[in-house]
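To keep things clear, I will list the structure first and then write my remarks on it.
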Amino acid sequence: MNSNNMNNDGINFSTFDTSTYHSKFYVAPIKALCSERYEDWKNKFTIHGLKCIEITGDNEVTDYVSLISSYQLIITTPEKWDSLTKKYKEFKYQIYTVKLFLIDEVHLINDGIRGAILETVVSRMKIIPKISKVNDFTLRFVAVSATVTNIEDIAKWLTNDQNCPAHYLQSTEDERPVKLQKIVLGYNCKTNNFKFDFGLTYKLKPLIRQYSNGRPTLIFCSTRKSVEFTCSILVKEVTISLSVDKQSYINELSKEINNNKIKEMFKFGIGCHHSGMSIQERSVVERLFRIGCLNILIATSTLAMAVNLPAYLVIIKSTEYYSFNCYKEYNECQVLQMVGRAGRPQLDSSATAIIMTKISMKSRYEEILMGNQFMESHLHKYLIEHMNAEIFLGTIYNVKDAMDWIRSTFLYVRACKSPQNYGMIKTLNVQEVENRLQNLCIAEIKELARTGLINFIDGNNEIISKPECEIMAKYSISYATMNNFMQLKGTENLNDMIQLLSHSKEFEYIKLRRTEKGILNILNKNKLPGADVLRFPIEEGINTRETKINCLLQATLGTLKITDSSLAQDANKIILISTRLTKALREIMFQGRKFEIARVACILAKCVTTKLWEQSKFVSKLIPRVGQVLSQDFVLNGKTTLKSIRDTDPRDLERFLKRQPPFGNHIHNFIRQIPMYKVRTTFDEFSELVTVTLILIDHDNISSNALFQTVSVLVGDSENRLLKVQQIRNEQFLEQRGVINMTTPLQNNFFSDKLNYEITICVISDYWGIDIEIKFKPSNHEEHVKESMSKDNCNDESPLKNVLSPPPKKKRTSKVVKQGNKNKTQLNIKKYLHNITSKDQDPKVMNKPRVEEDINTDVKRWANESSVATRRITGEMFKTKTYFQNSGQSNEYFKFDKDDSNNYFCYDELKNDDVFGDLFVPEDNNHVISKAFDSAIEKCCFRESELFLIYDIQLLELFTKNCAYKLI
């Protein structure tokens, strides 16, 4: 059972029944290891009739039940299998078909929250057959690990019979396929932790020389700054000769990244790897190190858990890391994971692992490397969350069931053997330990009942699950977060909900770095003219983890540009976690009785899912193949709603998006497949019923991808009462021929004496910005009808009227006087040709055959003259000195005051304008359109029958005579 790694041949699955109805599961702690096993096994076991599939957090699948039923070998992580088995009612049959459960790196059980999840998953697989009373159900466990000292405890845990432990095989160091030399070096620490880590950097050079033998070296650092500093020192101190082939390959892959510092390190055979780098940059570094082009890789400790990159020499530089405002020592699992990267079975017969630590901690790490520390359970630290899940699954119905479940855990095995490690007296016997564990279970059950997640009848110890219990289990919500959600009053607005979300325990691993505060505070309150700001600015500024989370969440929803790659990755993590939290929050609010907060929660969940505010101008980002750049083009051309895009001719869409046909038709076809709804509602004063009829328009043509999407129907009143709520999947409409009816009673006619009493019907899609809202008074007996994308339903007003947003930014206008109506108006030539390149600088023209250049010499000369004239004009317009550099890059041809920077149109913006856009003809025509441009200027200046008087008439003449346009 104790092995360095699974044999390349794996397990001989041909000895097992390979029937479609029998499944084998392989569970590994990291996705990279799952991917390796999948690539190795998917072809190897096909000849044995085993179809293989990898299911991790990277997979986006809506129907796992049918998917798993089609495969016999499932590769997954503990977290993913925990999530799937919490849907036990759906997976009941599939769980019964599991015959073999493989656990790789079982020492993960010693790793805090992840160890508790692994322990719970295995215990669940053990106990499910018992509670379901399935006859002839057998499940085999095979667990492997590089180092487990108390292997007999693991063996005892994996069996259902405590008196008959599982068989195990314990190997020695001599049996390792790669002999590993383990070294722990202790150093005196006479200063703070930061300077100690700083000093260790200068001790790396002799270690690399002595132990690397010129082979790949992997150095683990505790922080990103330490990685960068270590790289800067080793680049100066270590000389690595690279062959011509390696240098050529480095040069080729370097083209895929833009970070010059990283490229410069590559020249010295050194690379770095940390979370501040982009995914593309990290991928290039991993590939170069894996093929041997980089001799030294410096990385943060998280690399050991994320990517399997073996090396001949592994060095752990300092064993402390900064977490939650203090320094902590690496736990045993982290150390073993990093040390486990030493050794390349296919290439080396030996390897070396070195730990650099304080002299006071040397003995601890020597014991870890010798395997003298026992694996311990951490389930008791997260017991309340896992007990809640088992109560929902039906594993626990009373205290007796709770104790049966506890006895199936590794916690029970270790607590009976070493109770002193779990807050008990060392001399307790087994029965006394069980009594203590039972008291612990009862305390957690009562806490769940106090929060309102379950009902607990103390007299007969009966436990009854409530809908909130299911929500917490289904979305894997921590108890602390769930407790906060359950305490909401029902009057919170969108800003309050975002603040609540940012305080969730699930974000505890998001750190606020000192260097990030400046960037985040600019996002929070950007005072630059015309800059986008957060919808709800954070008054106290960004100085805590919670405010950072709030800022990045709002920045993502507002499509603000996050330039720092590390912050961009944090923002992605925040959105990923928030998606799960907001869906849970929505379902919790649907269980309550408050209308406004249910509507806010519903809208917030959609905002996070789509990464857009509910009234965002960038709704076009929801269309496939439309990213930030094209979405900006939609906004510049006034296409800020799905309706306005739908109503635009496809050719016009292609023109301002600069795309070829049939791109516009694809957009139209996609919008036609978006679910559209019609709502009819009436109130019958005799039956006192509000009747709502929801119609899915053109339900026969709905996209198959939209069938699993849902729409929420909320009925509330002006008293903030939630009268009815229902979530409907689009596929349900097909069963009802596109029409679903529902009724809501208004009992006792309590509204008769309230003149301002209103009923509100909200239909909110979980993804699309096609919400419908109808308000009416019960005294109005007419039928009220609204439809998605109808004219009366497409407005810019958000339904969240109680939410205050920043006032709209004031647009600066050009110095133009309007005759007729004396108001100032902005001329449509602002930002004119800001970064235009001349004709001979255009890559499209440069790549053309030489003969074509000669034919169009005049056109090229006119274009050059136009470019120069434009630069001169724009300089004269602001009385500034003109700087013109004739280079192939963007030209900074003039300087002006920053307050005037928004008074220009760039070339692309001008081309997309409704007046000037028609002047840009296909490149084949090669015409200079001076007359047409003169006409356009006149048309622009007299737009909407308003006459503009430009201060400098001579300037306009110069402008129209010299501006020969570069043709498309």
Side-chain angles (χ1 to χ4, degrees), residues 82-92 124 131 384-398 401-402 444-458 461-490 492 497 500-501 504-506 578-606 608-609 708-716 720-729 732 740 742 744-745 762 764 766:
D82 176 52
S83 173
L84 293 178
T85 51
K86 281 177 181 176
K87 303 172 183 177
Y88 169 64
K89 295 170 184 177
E90 300 175 30
F91 275 88
K92 184 176 182 179
R124 188 175 300 152
I131 62 174
I384 192 167
E385 286 89 357
H386 293 293
M387 283 196 70
N388 178 84
E390 300 306 324
I391 290 171
F392 158 65
L393 291 173
T395 308
I396 298 175
Y397 284 106
N398 50 49
D401 291 337
E444 301 291 39
I445 290 170
K446 288 183 176 180
E447 186 65 19
L448 290 172
R450 183 195 64 80
T451 312
L453 301 175
I454 62 172
N455 289 324
F456 179 52
I457 303 173
D458 207 354
N461 291 331
E462 185 181 359
I463 302 169
I464 302 173
S465 172
K466 296 174 67 175
E468 290 82 358
C469 173
E470 178 183 356
I471 295 168
M472 178 177 170
K474 184 169 66 173
Y475 293 104
S476 299
I477 308 297
S478 68
Y479 174 73
T481 300
M482 197 69 183
N483 190 30
N484 290 337
F485 288 175
M486 295 293 288
Q487 292 181 7
L488 289 170
K489 298 177 181 178
E492 289 81 1
M497 299 286 266
L500 171 73
L501 198 66
S504 299
K505 188 180 179 182
E506 283 72 8
S578 297
T579 302
R580 174 166 53 92
L581 294 178
T582 52
K583 287 180 179 179
L585 184 57
R586 176 180 60 190
E587 293 191 24
I588 294 168
M589 295 304 104
F590 284 179
Q591 298 297 324
R593 298 181 179 180
K594 300 295 183 181
F595 171 69
E596 287 298 334
I597 196 170
R599 177 167 59 174
V600 170
C602 200
I603 291 176
L604 178 59
K606 177 168 68 172
V608 173
T609 300
F708 297 101
Q709 295 174 0
T710 62
V711 60
S712 300
V713 182
L714 289 78
V715 182
N720 196 23
R721 297 194 313 156
L722 182 60
L723 305 176
K724 188 179 184 65
V725 62
Q726 186 172 343
Q727 282 188 287
I728 307 170
R729 294 179 73 167
Q732 293 176 248
I740 292 180
M742 60 191 77
T744 304
C762 286
I764 303 174
D766 65 350

Verdict with reasoning, Ile477 to Arg580, per side chain to side chain contact (heavy atoms under 4.5 Å, CB included)
CA-CA 8 Å; Ile477 308 297; Arg580 174 166 53 92; 4.2 Å; yes
Crowding at CZ, Arg593 (>12 non-hydrogen neighbours, <6.0 Å):
no
Taking the side chain as every heavy atom from C-beta outward, state whether Met482 and Ile588 have any pair of such atoms under 4.5 Å apart.
yes
Taking every non-hydrogen atom, the tightest pair across Lys594 and Gly490
CG-CA, 3.7 Å
Given the options Gln709, Arg729, Gln727, Asp766 meets side-chain contact (heavy atoms from CB on, under 4.5 Å) only with Gln709
Contact between Leu501 and Ser578 at the side-chain level, heavy atoms closer than 4.5 Å - yes or no?
yes
Student check: side-chain heavy atoms of Phe456 and Ile464 closer than 4.5 Å
no
Answer whether the closest heavy-atom distance between the side chains of Pro467 and Phe590 falls below 4.5 Å.
no
Closest contact, heavy atoms only, Ile454 versus Ser465:
CG2-CA, 4.4 Å
Decide whether Tyr479 and Glu444 meet the rule of one side-chain donor and one side-chain acceptor closer than 3.5 Å.
no
Given side chains that start at C-beta, do those of Leu500 and Phe485 come closer than 4.5 Å, heavy atoms only?
yes
Student check: side-chain heavy atoms of Lys489 and Ile597 closer than 4.5 Å
no
Does the side chain to side chain contact (heavy atoms under 4.5 Å, CB included) test come out yes or no for Lys466 and Leu453, once each step is laid out?
CA-CA 6 Å; Lys466 296 174 67 175; Leu453 301 175; 6.0 Å; no
Least distance between heavy atoms, Thr579 atom then Thr582 atom
O-OG1, 3.2 Å
With sequence neighbours left out, which residue pairs that include part of residues 384-395 fulfil the salt bridge (charged side-chain N to carboxylate O under 4.0 Å, His left out) condition?
Arg124-Glu390
Euclidean distance, Ile445 CD1 relative to Asn455 CG, rounded to 0.5 Å:
13.0 Å
Within a strict 4.5 Å, meaning less than it, do heavy atoms of the Met589 and Leu488 side chains meet?
yes
Which pair of non-hydrogen atoms, one from Met472 and one from Ser478, has the smallest distance, and what is that distance?
CE-C, 4.1 Å
Just wondering, do Met387 and Ile396 contact through their side chains at under 4.5 Å, heavy atoms?
yes
Which atom pair, heavy atoms only, marks the closest approach of Phe392 to Cys469?
CB-SG, 3.8 Å
Looking at NE2 of His386 and OG1 of Thr395, how far apart are the two atoms once the value is rounded to the nearest 0.5 Å?
13.0 Å
The side chain to side chain donor-acceptor pair (under 3.5 Å) partner of Tyr475 among Lys583, Lys86, Glu506, Glu587 is Glu587
Gap separating the CE atom of Met486 from the CD atom of Glu468, nearest 0.5 angstrom:
4.5 Å
Quick one: pull up CD1 in Ile391 and CD1 in Ile463 and give me the separation to the nearest 0.5 Å.
4.5 Å
So how far is it from Ile384 CD1 to Leu448 CG, rounded to the nearest 0.5 Å?
4.0 Å
Dump the intermediate steps for side chain to side chain contact (heavy atoms under 4.5 Å, CB included) on Asn398 and Asp401, then the final yes or no.
CA-CA 5 Å; Asn398 50 49; Asp401 291 337; 3.3 Å; yes
Could you walk me through whether Ile764 and Arg599 pass the side chain to side chain contact (heavy atoms under 4.5 Å, CB included) check?
CA-CA 8 Å; Ile764 303 174; Arg599 177 167 59 174; 4.0 Å; yes
Euclidean distance, Arg586 CZ relative to Leu581 CG, rounded to 0.5 Å
12.5 Å
Ile728 to Ile740 - nearest heavy-atom pair and separation
CG2-CD1, 3.4 Å
